[in-house]
Amino acid sequence: METREFGDIELRRVREHVWEIPQEGEMNAPARVLASEALLDHIGDDKTLEQLRNATHLPGIANHAICMPDGHQGYGFPVGGVGATDTTDGCISPGAVGYDINCGVRMMTTNLTYEDLRGHEEELVDALFEAVPSGLGGGGVVKGDAETIEDILARGMRWAVDAGYATDDDLAHCEDEGFRDDARPEFVSQKAKDRGRNQIGSLGSGNHFLEVQRVTDIYRDDVAESFGLEADQIVVLIHCGSRGLGHQTCTDYLRRIEKEHKDLLDDLPDKELAAAPAGSELAEEYYGAMCAAINFAWVNRQLIMHRTREVFADVFDRDWRDMEMRLLYDVAHNIAKKEVHEVDGEERELYVHRKGATRAFPAGRPELPPAYADVGQPVIIPGSMGAGSYVLRGGDRSLDLTFGSTAHGAGRLMSRTKAKQEYWGETVRDELREQEKIYVKAQSGATVAEEAPGVYKDVDEVVRVSDELGIGDKVARTFPVCNIKG
DNA sequence: ATGTCC
């Protein structure tokens with residue numbers, strides 16, 4: 001049997017791109033890593049595998065704890081991790097959702113071509129930077145009073161439709177239709193709401209960005225046609241999350257777990273993996289609060305998309321509807337959701353934790369909107385600002401292998417600290433413009449250095465593994481044109 | 001990721 005050693009962890013090769021940490025000791029399940037040999041070299045460098053093994057200690061974990069091809073070390077649970085736990089005798093773990101609840105990405109298509117845009121790059125990047133609030137701290141597209149924030153938390157994108165920021169068509173092209181009915185705003189703290197109020201419609205910082213891109217490659221013609229994608233087309237990618245509101249919500253519940261469920265916490269190998277027992281009051285309250293934060297993040301991305309439509313209308317002097325600026329899909333990267341999956345031949349309801357992982361349901365799952373019911377859902381995988389991104393569709397093997405999930409990005413290669421030693425923001429920006437015709441505008445040069453293309457793994461390799469495993473199939477590739485960030 | 005410390 002082929003094996004690879006990483007410290008005290010031995011990975012056994014199951015088949016191409018599938019590696020297993022066998023169940024032993026206090027583990028409640030085996031763990032699996034989905035990666036090529038090349039990607040394993042990166043994964044082995046940090047605490048990713050230790051955190052993945054720790055995740056198998058969660059009560060009620062089904063099948064395996066799974067690490068996606070882009071996985072890397074996170075808080076308690078790997079970024080790129082999927083863990084499904086029983087909703088009756090299992091648990092729910094804020095650490096396995098992540099601090100940035102419903103960090104996610106959406107793609108908007110247009111009928112513009114790269115030719116239409118050439119010569120307008122500078123004007124467009126400046127106008128987008130001006131119109132879309134970004135960076136750390138407050139300032140959003142709308143200023144929310146106490147009532148508004150409650151409404152957004154309870155109703156998600158339905159609020160945005162009523163307020164004139166979204167169309168019914170936008171709703172129909174969003175995971176969960178942009179709305180979690182299980183949201184319970186009363187379980188989101190006042191402090192979290194106060195932080196969120198000034199950030200409704202704001203990009204934030206770090207790896208969050210808005211990017212205008214052009215489609216460069218089509219891999220599956222029929223699926224691309226269903227998605228409305230073609231070569232040379234201009235599309236817009238928006239990547240952001242729930243800002244201070246989600247972060248505060250995660251913090252609040254981690255603290256409460258320490259106080260109210262110390263016994264379960266003491267049984268886990270890492271305090272950061274904190275979980276509340278299924279059925280407990282705290283599990284119900286966290287789930288309700290997390291769903292509310294999820295709704296907030298969807299509104300956040302919707303308002304940024306609304307502003308983007310206005311900017312395009314201004315720059316190209318055309319109505320955004322004439323430019324057919326339609327939401328392709330909005331996918332969540334950091335969530336837990338009650339879903340029914342087959343485990344050992346039995347249908348069970350599970351909390352599927354996807355932390356830095358994307359839902360990738362194939363054709364036929366009842367959750368899919370009518371537009372994608374026969375083709376599988378769009379999966380959007382952003383690469384770095386110098387590499388571009390991919391559109392995939394949920395693969396037929398995803399339900400068997402990953403509870404219907406795939407990767408969410410390229411995955412970092414080095415820390416932010418190391419990145420700032422290696423790169424200088426202005427140099428990165430100038431080189432991208434001169435060598436690649438990519439126009440970058442950011443609040444902070446440090447952020448550009450931290451997000452330099454060289455700090456990311458090869459997104460092509462991540463997507464190749466997803467495609468070859470059959471969990472997410474390649475549909476199209478894009479390349480950056482304009483990028484704004486915090 | 002994040003008013004990068006209550």
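Below, each value reflects all heavy atoms present in this structure, side chains not excepted, and no hydrogens, waters or symmetry copies. Here is the naming used below: chain letters follow the sequence lines, and residue numbers restart at 1 for every chain.
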Nucleotide [N], atom [atom2] - distance to [atom1] of [X] in whole Å:
X      : N     : atom1 : atom2 : value
A:D252 : B:dT2 : CG    : P     : 16 Å
A:Q248 : B:dC5 : CD    : P     : 14 Å
A:L136 : B:dT4 : CG    : C1'   : 8 Å
A:K191 : B:dC6 : NZ    : P     : 6 Å
A:F296 : B:dT2 : CZ    : P     : 11 Å
A:L254 : B:dT2 : CG    : C1'   : 13 Å
A:Y99  : B:dT4 : OH    : P     : 13 Å
A:Y75  : B:dT2 : OH    : C1'   : 13 Å

How is [X] classified with respect to the nucleic acid when contacts are heavy atoms under 4.0 Å: base, sugar-phosphate, or nothing?
X      : result
A:R416 : sugar-phosphate
A:Q199 : sugar-phosphate
A:S242 : nothing
A:G241 : nothing

Nearest-nucleotide wise, let me know which of A:R255 and A:L203 is further upstream toward the 5' end of DNA chain B.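 Checking each residue's closest nucleotide, the 5'-ward one belongs to A:L203.
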
Results of side chain to side chain donor-acceptor pair (under 3.5 Å) for A:S242 - residues two or more places apart only: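 If we apply the side chain to side chain donor-acceptor pair (under 3.5 Å) test to A:S242, skipping adjacent residues, the hits are A:D100.
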
Partners meeting side chain to side chain donor-acceptor pair (under 3.5 Å) with A:D194 (sequence neighbours left out):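 For A:D194, the residues satisfying side chain to side chain donor-acceptor pair (under 3.5 Å) (neighbours in sequence not counted) are A:Q190.
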
Just say parallel, tilted or perpendicular for the rings of A:H353 and A:F77, cut-offs at 30° and 60°.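 The rings of A:H353 and A:F77 sit tilted, inter-plane angle from 30° to 60°.
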
Would you say the side chains of A:S202 and A:R243 form a donor-acceptor pair under 3.5 Å?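 Side chains of A:S202 and A:R243: pair found under 3.5 Å.
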
